[in-house]
Number of protein chains: 2
Amino acid sequence: MEKYTLEDCPIQPVVNVISGKWTSLILWEISQSHNHYGDLKRQLEGISTRTLATRLKTLEKQGILDRNVFPTNPPTVEYVLTKKGMDLAPVLYAMRDWSEKYN
Amino acid sequence: MEKYTLEDCPIQPVVNVISGKWTSLILWEISQSHNHYGDLKRQLEGISTRTLATRLKTLEKQGILDRNVFPTNPPTVEYVLTKKGMDLAPVLYAMRDWSEKYN
DNA sequence: CGGTATCCTCGATGATACTG
DNA sequence: CAGTATCATCGAGGATACCG
């Protein structure tokens, strides 16, 4: 019953991806070329390591992000948007436009 | 510290409006001319009366919706998007477009 | 550097009964 | 019809310590 409508609503799929306190902010930062874990951690001041790691892992599972490890010393990790993730850009920029108008 | 970044992020204002399990779905339904409380309740199958009422009240406080009461018998209540709320349309339609592509 | 492992808190949401 | 009032739950997120 609940499942029916939630799955049926034409915006539910994107809600499943961007919901959460930090998720859309993470996506925004990555879309702005803040691709490294440490860079994200710095930009998203106040986020816990646990939450950032959890959200990144979920987005990876959802096919929104790819995770690339560079065997430097110390190692660095980079997150990049997949095609599916890049296609969220219109959503993110519409969000930014509204925010600029009404903040 | 946390406040700084959250307030500073260029998409934070819209996140404050559309976050929550049901909020963007409510906005979608209202944008699709499901304006009556009972109509919304029917479309959003599975939502509790408490949650629907709470979210509508919050959206009203945020200036996204106007609440109109018609003194019919029994009374009916209609929720309509303000200009600020209507300006969320690009966000909602971008969400729908992505959802159609990747659901 | 880029996480994982634990424990804990708190607020959003749900269920239900009731009301003008 | 359109809610409000109460109580209960549940999981996202935070704090902290530790690790390869």
Side-chain angles (χ1 to χ4, degrees), chain A residues 1-7 9 12 15-27 29-30 34-62 64-80, chain B residues 1-7 9 12 15-27 29-30 34-62 64-80:
Chain A
M1 32 190 291
E2 172 181 333
K3 281 193 167 185
Y4 173 73
T5 299
L6 288 178
E7 287 173 2
C9 180
Q12 188 60 45
V15 171
N16 287 338
V17 170
I18 69 172
S19 68
K21 180 175 176 181
W22 292 99
T23 313
S24 48
L25 298 154
I26 291 170
L27 290 170
E29 293 302 334
I30 294 178
H34 295 134
N35 297 98
H36 290 261
Y37 180 91
D39 200 1
L40 289 169
K41 188 82 172 65
R42 228 171 301 115
Q43 293 294 319
L44 302 165
E45 207 170 339
I47 198 173
S48 67
T49 58
R50 205 189 67 80
T51 297
L52 180 53
T54 303
R55 308 279 28 157
L56 288 170
K57 203 171 286 184
T58 300
L59 290 167
E60 196 189 348
K61 275 183 195 162
Q62 291 173 323
I64 307 296
L65 300 177
D66 279 333
R67 179 177 183 270
N68 298 322
V69 184
F70 295 93
T72 50
N73 187 10
T76 60
V77 179
E78 168 189 276
Y79 292 89
V80 294
Chain B
M1 28 190 292
E2 174 181 331
K3 283 194 167 187
Y4 172 73
T5 299
L6 287 178
E7 287 173 2
C9 180
Q12 187 59 44
V15 171
N16 287 338
V17 170
I18 68 172
S19 68
K21 179 176 177 182
W22 292 98
T23 313
S24 48
L25 287 85
I26 292 170
L27 290 170
E29 293 302 335
I30 294 179
H34 294 135
N35 297 99
H36 291 261
Y37 180 90
D39 201 1
L40 289 168
K41 187 82 170 63
R42 227 172 302 115
Q43 292 296 320
L44 302 165
E45 208 171 337
I47 197 172
S48 67
T49 58
R50 207 189 66 81
T51 298
L52 180 53
T54 303
R55 308 279 24 151
L56 287 169
K57 203 170 286 182
T58 301
L59 289 168
E60 196 189 347
K61 275 184 193 159
Q62 291 172 322
I64 307 295
L65 301 177
D66 279 334
R67 179 177 182 270
N68 298 324
V69 184
F70 295 92
T72 50
N73 187 13
T76 59
V77 179
E78 168 190 277
Y79 292 89
V80 293

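We use all heavy atoms of the structure for the numbers below, so side chains are in, but hydrogens, waters and symmetry mates are not. Per chain, numbering begins at 1; letters A, B, ... match sequence-line order.
What separates CD of B/Glu45 from P of C/dT13 is a distance of 19 Å, to the nearest Å. When the C1' atom of C/dA12 is taken as reference, atom CZ of B/Arg50 falls 7 Å away, rounded to whole Å. When rounded to the nearest whole Å, the span between OH of A/Tyr37 and P of C/dG2 equals 8 Å. Rounded to whole Å, atom C1' of C/dG3 lies 10 Å from atom CG of A/Leu52. If you measure from atom CD1 of A/Ile26 to atom P of C/dG3, you get 12 Å, rounded to the nearest angstrom. One interatomic measurement links the two molecules: CG of A/Leu65 to C1' of C/dG2, which rounds to 16 Å at whole-angstrom precision. Taking atom NZ of residue A/Lys41 and atom P of nucleotide C/dC1, one finds them 11 Å apart after rounding to whole Å. Atom NE2 in B/His34 sits about 18 Å away from atom C1' in D/dA2, given to the nearest Å.
Using a 4.0 Å cut-off, no side-chain N or O of A/Ser48 falls inside it from OP1 or OP2 of D/dA15. For A/Lys57 and C/dT4, the shortest distance from a side-chain N or O to OP1 or OP2 is below 4.0 Å. Residue B/Lys21 places no side-chain N or O under 4.0 Å from the OP1 or OP2 atom of D/dG11. Put simply, B/Arg55 has a side-chain N or O that comes within less than 4.0 Å of OP1 or OP2 on C/dT13. For C/dG14, one of the phosphate oxygens OP1 or OP2 lies less than 4.0 angstrom from a side-chain nitrogen or oxygen of B/Trp22. Between A/Tyr79 and C/dG3 there is a side-chain N or O to OP1 or OP2 distance below 4.0 Å.
Axis angle, first five pairs versus last five pairs of the helix from C/dC1-D/dG20 to C/dG20-D/dC1: 60°, rounded to 10°.
In this structure the side chain of B/Ile30 reaches within 4.5 angstrom of the side chain of B/Asn35, judged on heavy atoms. Contact annotation: the side chain of A/Ile47 approaches that of A/Ile26 to within less than 4.5 Å [non-hydrogen atoms, C-beta and beyond]. Residues B/Leu40 and B/Leu56 meet the side-chain proximity criterion, which asks for heavy atoms closer than 4.5 Å. B/Thr49 places a side-chain heavy atom less than 4.5 Å from the side chain of B/Tyr37. At a threshold of 4.5 Å between non-hydrogen side-chain atoms, the residues B/Lys57 and B/Thr54 do not count as touching. Counting only heavy atoms from C-beta outward, the side chains of B/Thr58 and B/Lys61 never approach each other to under 4.5 Å.
Interface residues of residues 66-78 of chain A facing DNA chain C, ordered by number: A/Arg67, A/Pro74, A/Pro75, A/Thr76, A/Val77; criterion, heavy-atom separation under 4.0 Å.
Separation of atoms CD (B/Gln12) and OG (A/Ser24) is listed at 7.5 Å; rounding is to 0.5 Å.
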Just list the side-chain donor-acceptor pairs under 3.5 Å for residues 70-79 of chain B, sequence neighbours left out, or say none.
| unit_1 | atom_1 | unit_2 | atom_2 | d |
| --- | --- | --- | --- | --- |
| B/Thr72 | OG1 | B/Phe70 | O | 3.4 |
| B/Thr72 | OG1 | B/Pro74 | O | 2.8 |
| B/Thr72 | OG1 | B/Thr76 | N | 3.4 |
| B/Glu78 | OE2 | B/Asn68 | ND2 | 3.4 |
| B/Tyr79 | OH | B/Arg67 | NE | 3.4 |

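Although no hydrogens or angles enter the test, the distance criterion places no donor-acceptor pair under 3.5 Å between the side chain of A/Lys41 and the main chain of A/His36. One N or O on the side chain of B/Gln62 and one on the backbone of B/Asn16 form a donor-acceptor pair closer than 3.5 Å.
Between the base of C/dT4 and the side chain of A/Thr49 there is a donor-acceptor pair shorter than 3.5 Å.
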